[in-house]
Amino acid sequence: MAIPLKYNLRNLIVRRVNTLMTIGTIGLVVGVFVALMSLANGLTIALRATGAPENLIILRQGSQTEMQSGVSKEAFQIIQNIPGIARDQQGKPMASAEIAVIVNLPRKTGEATNVTVRGVSETGFALRPQIKLVEGKGRMFQSGEAIVSQKVAERFSGAGLGDSLQLGRRTLTVVGIFDAGGTAFDSEIWAHVNDVADAFDRGGYSSVMVRAENAATRDQLAARIEAEQRLKLQPRSEIKYYEEQTSASEPIRGLGIFVAIIMGIGACFGGMNTMYAAVAYRTREIGTLRALGFSKLSILTSFVIESMILALIGGVVGCLLALPVNGIATGTMNFRTFSELAFSFRITPDLLISALIFSLVLGLVGGLLPSRLAARMPITKALRGF
Amino acid sequence: MKFLRLIIKNVGRNKRRTVLTVLSVSVSVFLLATMQAVLASFEANPESTGGEYRLVVRRNTTLADAMPEAYGPKILQVPGVVAISPANWFGGVYKEDKPFYTFAQFYVDPKTIFDVHPEIQISPQEKAAFQQERTAAIAGKKLFDKYGWKLGDVVEVKTPYFDLNARLNLRGMYTGPQEDTLFFHRAFVEEALGRPGLVGTFRVRLDSPDSAPRVMEEVDRMFFNSTAPTKTETEAAFGAMFISMLGNVKGLIAGVGLVVVFTITLIGANTMAMSARERFTEVAVMKALGFRPGVVWALILSESVLIALLGGVVGVVGAKVIYQFIGLGDMMPLFLQNMKITAGTIALGMGLSALIGFVSGGIPAWTAARIRIVDGLRRVA
């Protein structure tokens, strides 16, 4: 027979100082876990959201990122004539030769960091419909003009509407601000591909982005490009390209798990203390319960449940504590591209569930030994008290 | 001092609780020490490597852009410059693209590098062997230990930046403050690429640290109107740039650290409150015997500080053992490989644990000291 849950709840209320402190401890541990993991989550989500299923990004063989790659002008001509590329309303192939370079810009906080500058043509916009204009001019920008993402405009000094940006040996005026819907392009500055080539003295392009007629024929198109002997280029799906960069979130995820485990162990020891004390205070009660006919197993279960309730409340508190970080914009170095990636803390339902499971595990581990002690207590000795 | 025995007896009274508290404090102090070591490794002390005598010249845009080789002789003519050496980041992949196999690789001038970096210690024979052979390389002792290299081994690094697979013969092992870099010939890479004559950074050695501001200014002014303007900075500033690019890592770590401290304090306070409450009767007896409230307060507080300090010792020693003696720090990604538990970190850990003891023991001790004798005697624990 099980001991009623009410017994545990009332006990938690009677020892409220202890209960509150333990809840606070577990809450802090879970809160740190959620906050750090939401940081890693945000990074992954930003990169996962980038990329359309029909798009292919074409890089030099062996290059991992656009920054390392190079595609000649001749190669771009060849690519445009490969069959299987979607066409726009004017019948032009949807292929965009782009140059991606990194520049060092000062953050508003003072430190400088690398930002990606992308030289595009109009097709570049057609391939990425998620780019929405927020202020100023859109894709109709002209030579000498640049548009920046909202996040870049917010985070960097001298990158607002109307400001002049010193890019390589050119000075471009910011004429528009765009929003890329939380994708990797939210960390970029865009200008005309010819301007970027001129500013950074590039004779060729970094990459070519093409759109297949549909997602199903994408891989066939990729095979045709790869088979073209004159190119020596490697196409890969845009989605996969950004997926590969999600490894950038691993150090943060690692830090989150490491901190959570170590703090969790600490909290477990603290929780054990609380539960041992709970058992000690209630020696006589335990004896009475046993004398009333409750089995050892019921006592064990009851105490473990009590510990887990305590931890679960702590877990909920922790989730609530961490909630305000959701949506805070931040940025870090993406070591694959060596440039800043802007993203936001993202608390997802998955993360909250894993946080609650984590807190339950803490409760279980912290409660098991003290509960065993409670269950094994000889009735006569327990009834006599301590 | 005459109460020391009493305090120790009290610490040992509920052994299980004391051990649990010590352990919870110690894992938290361990975590703090780890984070402190990470922060310290970001700010690797440039003084010890002679960094104050060095400047780094790079393109004013980004590190991805390069300067013409011809800048070298021009910079060398600036008064105050005693040596200059070009260094390019190779960024190759050794074996696999994994943090364990990631280390710094530079292609350099095999002669001038030793003039600019006198802290690179290598035997004259190995140095000569390195300088003579175009495909030779030297590496720091740490890399030799980590990958089990021997002199004469062939190390293959592949770079994704250009189509080049460098097969290098290990001809020397150097020691010094930073033993985690592979150096090889600039000429080897330049030839393979068709002699573009490009330099990523120039390392400049000065006659005195005082010349730094003037040389920095003069070098940058010299190339200001060229196609490739430069940015010259001290070695320390150059290193700090990489850390600042990571974003607000310091803020993140400091924030987590604060929460850790707060959490342990809470755990400690909870425990001390429990043990103080159990002892109300006893405290009342002591007071009835004539112990002053101040003494009672000090006794309980010392007990809490003692427990916290014990935890601190275990935590700090644990961190030292794990990161330095077992060498787990070497498993960390590139920028964390110089993780060290310094005397400063130890002091911080001990100081914090003492503080935690004070704060967590303070309130329970105060409550106990203020208890009225009659109440305490009547109270049934």
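Protein chains get the first letters and strands the later ones, always in sequence-line order, with residue 1 at the start of each.
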Set out, in order, the CA-CA distance, both residues' side-chain angles and the distance that settles side-chain contact (heavy atoms from CB on, under 4.5 Å) for A/V196 and A/R202, then state yes or no. CA-CA 8 Å; A/V196 177; A/R202 299 285 165 109; 6.0 Å; no
**OP:** Under the salt bridge (Lys or Arg N to Asp or Glu O under 4.0 Å) rule, what do A/K151 and A/E188 come out as? Steps first, then yes or no, please.
**Re:** CA-CA 9 Å; A/K151 282 190 175 153; A/E188 298 185 350; over 6 Å; no
Most contact-rich option vs chain A, by heavy-atom pairs under 4.5 angstrom, among B/T271, B/N270, B/L266, B/T263, is B/N270
Okay, A/V32 and chain B: the region with an atom under 4.5 Å from a heavy atom over there is side chain
Output for pair (B/K158 NZ, B/K95 NZ), nearest 0.5 Å, gives 13.5 Å
Applying a strict 4.5 Å limit to non-hydrogen atoms, the region of A/L39 in contact with chain B is side chain
Answer key: most heavy-atom pairs under 4.5 Å with chain A among B/V19, B/V27, B/T265 is B/V27
Checking B/V25, B/L20, B/T18 against B/V22 for side chain to side chain contact (heavy atoms under 4.5 Å, CB included), the one that qualifies is B/T18
Pair count under 4.5 Å, heavy atoms only, with chain A: among B/V260, B/V256, B/V259, B/L23, highest is B/L23
Bottom line for B/A228: the part with an atom under 4.5 Å from chain A's heavy atoms is neither
Rounded to the nearest 0.5 angstrom, the CZ-CG distance for B/R16 and A/N273 is 9.0 Å
Okay, A/L373 and chain B: the region with an atom under 4.5 Å from a heavy atom over there is side chain
Applying ring-ring contact (aromatic ring centres under 6.0 Å, His included) to A/F33 and not counting sequence neighbours gives A/F358
So, the part of A/T109 with a heavy atom under 4.5 Å from chain B: the answer is neither
Partner of A/V317 under side chain to side chain contact (heavy atoms under 4.5 Å, CB included), picked from A/L20, A/L28, A/I23, is A/I23
Okay, A/L36 and chain B: the region with an atom under 4.5 Å from a heavy atom over there is side chain
